[in-house]
Structure formats: C-alpha cells, structure tokens
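Working notes, beginning with the structure itself.
Computed from a predicted structure; not experimentally measured.
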Amino acid sequence: MKLLMVDVDGVLVHGRPGDGLPLFTYLERDLGLRLGALQEAFFKTCWPDIVTGRDALEPRLAEVLGKIAPHVSARTLIDYWFENDSRLDHGLLEDLAALRAGGTKMFLATNQEHMRAAYLMENLRLSDYFDGIFYSAMLGYQKPAPEFFQLATERVGIAPGDIAFIDDYPANIEAARQFGWKAMHWAPGSKLEDALAAFSR
C-alpha cells in the first residue's frame, strides 16, 4: 500500500460537534424549516446534480428556500449545515497522521459539492492531514460509480493495487474492490490498525 484513500462522512466526520447527533436534528427548532420539506424540495430533486458538479449549491438552494422557507437565506442554511456536520474523529486523525509521517500518501475520497469540500479542507483544516481531496463534484461522478475510482486512480498516478480505501458504505467498498483497490468497510468501533492488517494480507 502506497496510498490510503479515506471517506469523510461516517468515517472522519460524525454529525454535530457537541453531541454527534445528525446535523439537521434541530433544524425546525433552530431555523423554522421542516426537514421533510427540505428533503422533498431540495435533496431528492436538486442534490444529485449538485453533488456531481452539474449545478451550484447556493443559487439552487436559494431558489428552493424562496418557495418553502423564504425567511431562511441560503447562506444561513449552508453555514448551519456545515457547522453542524463537523465533529471530527481526532483519534483516527492522529493515527492517520502517524501513517502519513511514515511515508504513506493520504487523500480524501468523498461525495461532496464544491463549497463543503473547501470547508473540510480549509475550515476543518483537513489539509493539514491529507495530501489532497478527490470529491464527486470535482470528478463529475459520485461513489460508487466506477468512474470515480478510475479518475482518482489516474490523477494519483499509482497502480490500483497500491491504493487502499476505508469507507462506511458497503457499495463503495465493493466498487473500489472491483476496480482493484484494497478496501475495508469502516463501521463503529473500527480501528486503523485493523484496516492496515487487512490491507497487508
């Protein structure tokens, strides 16, 4: 293994920073916006194009909110969203930093749109721990699409068999293995040492 790809949500980031609850747990209380309405009007219809880079988050969200919650600005909701989905697993980050210090290249491989990808790297300072990020809006494809893994592999210039990957979504693990990456499903209680042992077999 020369390079490790790491998923973000469900691996490195786990919900609200204070309590780990899902980011929109108190959305209606805090912003007067029903989660069900947001899911129906935005995530089910607009999100697939946004997360693959075919549409932009802020203007599309502003359009939707103008219809379902005109008292909430897109910027307000985006700030609320990103800040409430930012609880980092510092233990895992420390383990990854030690592995990287030993010479293993380290990249994020995640389904994100452009604004949150920048937030992760800059505001959460994941750029301090990783050599770069591959994300769906950048590549134009969302995991588990095989094109995601193909494009990420081409850009790092390393053979698929030298790339390892941890992700909490089984379909992504299967797709990575189909492309030739070594991959391990990350579940609650998983340890990096266990993943490394599995990769070395």
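Counting only residues at least two apart or on different chains, the salt bridge (Lys or Arg N to Asp or Glu O under 4.0 Å) pairs with a member in residues 139-165 are Lys2-Asp162, Asp7-Lys143, Lys143-Asp167. Each ring pair (Phe, Tyr, Trp, His ring centres under 6.0 Å) pair with one or both residues in residues 43-72, not counting sequence neighbours, appears once here: Phe43-Trp47, Phe43-Trp81, Trp47-Trp81. Sequence neighbours left out, not one pair with a member in residues 180-189 passes salt bridge (Lys or Arg N to Asp or Glu O under 4.0 Å). Annotation: salt bridge (Lys or Arg N to Asp or Glu O under 4.0 Å) contacts involving residues 168-177, sequence neighbours excluded, are absent. Residue pairs meeting the salt bridge (Lys or Arg N to Asp or Glu O under 4.0 Å) criterion with at least one partner in residues 124-142, sequence neighbours excluded, are Arg100-Asp131, Arg125-Asp128.
Residues Phe199 and Leu4 meet the side-chain proximity criterion, which asks for heavy atoms closer than 4.5 Å. A 4.5 Å side-chain heavy-atom check between Val8 and Ile133 finds every atom pair outside the cut-off. Contact annotation: the side chain of Met115 approaches that of Phe82 to within less than 4.5 Å [non-hydrogen atoms, C-beta and beyond]. Side-chain contact check for Leu93 versus Leu126: some heavy-atom pair is nearer than 4.5 Å. Residues Val13 and Leu88 meet the side-chain proximity criterion, which asks for heavy atoms closer than 4.5 Å. Within the 4.5 Å cutoff, no side-chain heavy atoms of Pro144 are placed close to those of Gln178.
By the 4.0 Å N-to-carboxylate-O rule, Asp19 lies close enough to Arg16 to be salt-bridged with it.
Few gaps surround CZ on Phe130; more than 12 heavy atoms of other groups in view lie less than 6.0 Å from it.
By the ring-ring contact (aromatic ring centres under 6.0 Å, His included) test, Phe107 is found to be paired with Phe134, residues two or more places apart in sequence or in another chain being considered. Considering only residues two or more places apart in sequence or on other chains, Phe42 meets the ring-ring contact (aromatic ring centres under 6.0 Å, His included) condition with none of them. With sequence neighbours left out, Ser73 forms a side-chain contact (heavy atoms from CB on, under 4.5 Å) with Arg75, Thr76. Evaluation of the ring-ring contact (aromatic ring centres under 6.0 Å, His included) rule for Tyr169 yields no partner, not counting sequence neighbours. In this structure, the ring-ring contact (aromatic ring centres under 6.0 Å, His included) partners of Tyr135, at least two apart in sequence or on a different chain, are His114.
For Ser127 (side chain) and Met121 (main-chain N/O), a donor-acceptor pair under 3.5 Å exists by modelled atom type.
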Does Tyr129 form a side chain to side chain contact (heavy atoms under 4.5 Å, CB included) with Leu12? I'd like the steps, not just the answer.
CA-CA 12 Å; Tyr129 296 88; Leu12 278 175; over 6 Å; no
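Looking at Gln112 and Asp9, their side chains do bring a donor and an acceptor atom within 3.5 Å of each other.
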Can you list, pair by pair, the side-chain donor-acceptor contacts under 3.5 Å of residues 58-68, counting residues two or more places apart and other chains?
{"from": "Arg60", "atom 1": "NE", "to": "Asp55", "atom 2": "OD2", "distance (Å)": "2.7"}
{"from": "Arg60", "atom 1": "NH1", "to": "Glu63", "atom 2": "OE1", "distance (Å)": "2.5"}
{"from": "Arg60", "atom 1": "NH2", "to": "Asp55", "atom 2": "OD2", "distance (Å)": "3.0"}

When the side chains of residues 25-35 are checked against the rest of the protein, which donor-acceptor pairs come out under 3.5 Å, sequence neighbours left out?
{"from": "Thr25", "atom 1": "OG1", "to": "Pro22", "atom 2": "O", "distance (Å)": "2.6"}
{"from": "Asp30", "atom 1": "OD2", "to": "Tyr80", "atom 2": "OH", "distance (Å)": "2.7"}

